[in-house]
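The structure presented is a predicted model; accordingly, all values stated were derived computationally and were not measured. A note on names: the letters A, B, ... follow the listed sequences, proteins ahead of strands, and every chain is numbered from 1.
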Protein chains: 4
Amino acid sequence: MTPQPARRNESSRRAILTAALELLTESGYPAVTIEAIAARAGVGKQTIYRWWRGKGAVILDALADDLPDVIELPDTGDLRADLRAVLRATVAEFADPKLSATTRAITIETLADEELGNQVRDRLLRPQLTAVRTRLESARAAGQIRADAPLDQVVELLFGPLYHRWLLRNGPLTDTYADGIVDLTLAAVAPR
Amino acid sequence: MTPQPARRNESSRRAILTAALELLTESGYPAVTIEAIAARAGVGKQTIYRWWRGKGAVILDALADDLPDVIELPDTGDLRADLRAVLRATVAEFADPKLSATTRAITIETLADEELGNQVRDRLLRPQLTAVRTRLESARAAGQIRADAPLDQVVELLFGPLYHRWLLRNGPLTDTYADGIVDLTLAAVAPR
Amino acid sequence: MTPQPARRNESSRRAILTAALELLTESGYPAVTIEAIAARAGVGKQTIYRWWRGKGAVILDALADDLPDVIELPDTGDLRADLRAVLRATVAEFADPKLSATTRAITIETLADEELGNQVRDRLLRPQLTAVRTRLESARAAGQIRADAPLDQVVELLFGPLYHRWLLRNGPLTDTYADGIVDLTLAAVAPR
Amino acid sequence: MTPQPARRNESSRRAILTAALELLTESGYPAVTIEAIAARAGVGKQTIYRWWRGKGAVILDALADDLPDVIELPDTGDLRADLRAVLRATVAEFADPKLSATTRAITIETLADEELGNQVRDRLLRPQLTAVRTRLESARAAGQIRADAPLDQVVELLFGPLYHRWLLRNGPLTDTYADGIVDLTLAAVAPR
DNA sequence: CTCTAAGCGAGACGGTACGTCCAGTCTTCTT
DNA sequence: AAGAAGACTGGACGTACCGTCTCGCTTAGAG
């Protein structure tokens, strides 16, 4: 009944994930159908349905597959520089058409499927957010930010505006903008 | 060829918008199809395609239809209290299942259709953001915030975290959280 | 809900029936799938399912479509000659690869679907059987066969062996064979 | 490459044949799939494909398995009575839902696969037909039927109408009908 | 009396067709 | 002319089986 992972064909799995990403970046979200993935991967549709709940899950796996397990943020001692680096990298991701397309796709799927949304959050985003939080903790320990700063909220203060601007196309997403957000955030948590 | 708005049947228009919203809140996003809208509204499909580009546009119109043209923010003189009121209202929207469902739906459509995204931003969200910006300007004039604060970014500092948390289901969306964001933001732009 | 025949597209209907027969004779029974019919006819699958219960019904209609409404048997006065002509024609049908293929196909469908079987019997075969019965009645009136001959059984005595031999591939189906069956049958009902 | 019959697992063979028949009588022809047979028999699909060409061959074997090797017709000296007994038995088979279901199934397979058809004819039907022919020969020797009667055709004159009526659902299949066919046939071959 | 090659249960695999659902277009008849 | 109704082509959906293929396990007979 339930498939046995031991028997799973690894090359089919890779082909499916690759096909999904290629379709997404080459032809756009509407072209990403289970049928198209199966055809491009040279795989039966059933093989997809056997291992994934739907195309959202496939895309998630495709993204998660080439992601490092642990994200380590640089800690140069210069908090402002480190955060700028992180946010500029995020801005770059949003600016890259391919990465932006995948993000858009996974966000659509996320919105339509709560369970998938939770997995996306936990497997794709949480590591990044946690890494930033860790960096903030070390800064707090170094007295560079207020001792009572609510670090989770601070993390969202950093990323929230970027996502907001990306989601709403509410202005250009540039390094300057990223720097500005870092500056505002650091001002918000500067030691008294 | 191009339809003549003068001949448009107002009651059909209303029925379509109502049907779209009802389907959305009663049966969820996947149930909102052009066919279902037409059937529930007692309308031919062509009547929908004649006046809208697709279901995204219908949903947008449905939402825009019961929105005030101009949003006026309270200006009690107490900036913190005014902003808290705004953000708490936003949190309440996200918490309400019906409103959240429509927001989710329009966001999906937005992500899949850039042109629609721009209209959503301009017609649904910009007024709100502009109103907050206006309030911030009056606060700046009153010397309650730094003269050089980049107000657009500040607005996004306020709303970004809320959207981020909603989008990512990254924690509870409560009044306390809204208040915390307001406090952080005000700290970021406090006069030196 | 139920489709309105008045709106039916006649050219699609014809294209579907033609495609079904062509596929059958060109590529054989296993090639006759709803998908193949739709593709060859340049028609959506739904259009087939809207008007027919399945491929059996399509094939039946295809066959029935180019069938005369009433079958008139020659009545030369020479019963033996007339019956030989009918049975030789039937043998010829079974010998013709195309006609045999369609007969085989409709028989398969018939066996798998009782309701369809009844329609095949009533629309395709009964007219033929009735015509032969009518000819027998005139022969009886002319005193050429026994007055108490059970005509329905006599009809089956004529056709049964042919179908039997075709179904079971139990020997060659030739004019000689047809003639032999006629002779035996006439001997069975010869006036005393 | 070619399987070695010596190593064949007899209990699997029996389980497969039994499963096929049970599925046929319990759930009808469409339920008889290789997968279903394998599942019910507790057997791998490969084991079926190793020993049979397809489900038609399985059903044939299932039927042939509980059939006597040689069929001996009673020869009471009373030809009419003996033939009536045979045809009444055949009618009874067609009337029995289970037997009729298997006959229907094997007929479908037969129509779709010529090679199988030949085997069905030779292994299932020929013995029966031959037995009747033998009985007719003894009757001919006894002078009960015409010396020049074409016995093969006479056999088909007996069985053909029954099969015809069964295949076409062209009237009730009763003992009376069987008797009528016997009478007609005997009249056809009565000594002059 | 072991070893080895076969048969075996299980079930994943690449495919094909199924019958359903919607999209977006087209047609007909009504208001 | 716009609208209600709905048939049309097209295409993706998720499911069911096909026939082939591997995977370990069991088992019989050749060494």
Checking [X] now: which residues fulfil side-chain contact (heavy atoms from CB on, under 4.5 Å) with it, not counting sequence neighbours?
{"X": "Ala31(B)", "value": "Ser27(B)"}
{"X": "Ala19(B)", "value": "Ile37(B), Arg40(B), Ala41(B)"}
{"X": "Arg123(B)", "value": "Leu60(B), Asp61(B), Ala64(B), Gln119(B)"}
{"X": "Leu67(D)", "value": "Leu124(D)"}

Once you round it to whole Å, what is the distance between [atom2] of [N] and [atom1] of [X]?
{"X": "Arg50(A)", "N": "dA10(E)", "atom1": "CZ", "atom2": "P", "answer": "17 Å"}
{"X": "Arg40(C)", "N": "dT9(F)", "atom1": "CZ", "atom2": "P", "answer": "17 Å"}
{"X": "Trp52(D)", "N": "dG7(E)", "atom1": "CH2", "atom2": "C1'", "answer": "13 Å"}
{"X": "Trp51(D)", "N": "dG7(E)", "atom1": "CH2", "atom2": "C1'", "answer": "8 Å"}

Going by the rule ring pair (Phe, Tyr, Trp, His ring centres under 6.0 Å), which residues pair with Trp51(B) if we only count those two or more places apart in sequence or in a different chain?
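Trp51(B) satisfies ring pair (Phe, Tyr, Trp, His ring centres under 6.0 Å) with no residue once adjacent residues are dropped.
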Find the bend of the helix from dC1(E)-dG31(F) to dT31(E)-dA1(F) as the angle between its two terminal axes (five pairs each), to the nearest 10°.
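Rounded value for the end-axis angle: 10°.
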Look for any protein N or O under 3.5 Å of an N or O in nucleotides 14-22 of chain F and output each such pair with its distance, or none.
unit_1: dG14(F); atom_1: OP2; unit_2: Tyr49(A); atom_2: OH; d: 2.4
unit_1: dG14(F); atom_1: O5'; unit_2: Tyr49(A); atom_2: OH; d: 3.4
unit_1: dG14(F); atom_1: N7; unit_2: Lys45(A); atom_2: NZ; d: 2.9
unit_1: dG14(F); atom_1: O6; unit_2: Lys45(A); atom_2: NZ; d: 2.7
unit_1: dC18(F); atom_1: OP1; unit_2: Ile34(D); atom_2: N; d: 3.2
unit_1: dC18(F); atom_1: OP2; unit_2: Ile34(D); atom_2: N; d: 3.1
unit_1: dC18(F); atom_1: OP2; unit_2: Glu35(D); atom_2: N; d: 3.1
unit_1: dG19(F); atom_1: OP2; unit_2: Tyr49(D); atom_2: OH; d: 2.7
unit_1: dG19(F); atom_1: N7; unit_2: Lys45(D); atom_2: NZ; d: 3.1
unit_1: dG19(F); atom_1: O6; unit_2: Lys45(D); atom_2: NZ; d: 2.6
unit_1: dC21(F); atom_1: N4; unit_2: Gln46(D); atom_2: NE2; d: 2.3

Starting at the 5' end of DNA chain F and moving along, which residue's nearest nucleotide shows up first, Gln4(C) or Arg8(B)?
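Nearest nucleotide further toward 5': that of Arg8(B).
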Does any non-hydrogen side-chain atom of Leu111(A) lie less than 4.5 Å from one of Leu167(B)?
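Side-chain contact under 4.5 Å: yes.
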Quick one: salt bridge (charged side-chain N to carboxylate O under 4.0 Å, His left out) partners of [X], sequence neighbours excluded?
{"X": "Lys45(A)", "answer": "Glu35(A)"}
{"X": "Glu115(C)", "answer": "none"}
{"X": "Asp65(D)", "answer": "Arg13(D), Arg14(D)"}

Quiz item: cation-pi between Arg8(C) and Trp52(C), 6.0 Å / 45°:
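Flagged: Arg8(C) positioned over aromatic ring of Trp52(C).
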Is the CZ atom of Arg53(A) crowded by more than 12 outside heavy atoms at less than 6.0 Å?
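Count not over threshold, so no.
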For a quick test of reading the model, state the closest non-hydrogen atom pair linking Val58(B) to Ala20(B) and the distance between them.
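Answer, listing the atom of Val58(B) first, then Ala20(B): CG1-CB, 3.8 Å.
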Does the side chain to side chain contact (heavy atoms under 4.5 Å, CB included) test come out yes or no for Asp66(C) and Leu21(C), once each step is laid out?
CA-CA 11 Å; Asp66(C) 34 47; Leu21(C) 285 189; 4.3 Å; yes
Stretch residues 10-28 of chain B: residues that reach within less than 4.0 Å of DNA chain F through a heavy atom:
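Ser12(B) - these, ordered by number, are the residues of the stretch whose heavy atoms sit under 4.0 Å from the strand.
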For DNA chain F, which residues in residues 107-118 of chain D have a heavy atom at a distance below 4.0 Å?
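Listed by number, there are none.
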Tell me whether the side-chain N/O atoms of Thr47(A) come closer than 4.0 Å to OP1 or OP2 in dA12(E).
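For dA12(E), neither OP1 nor OP2 has a side-chain N or O of Thr47(A) closer than 4.0 Å.
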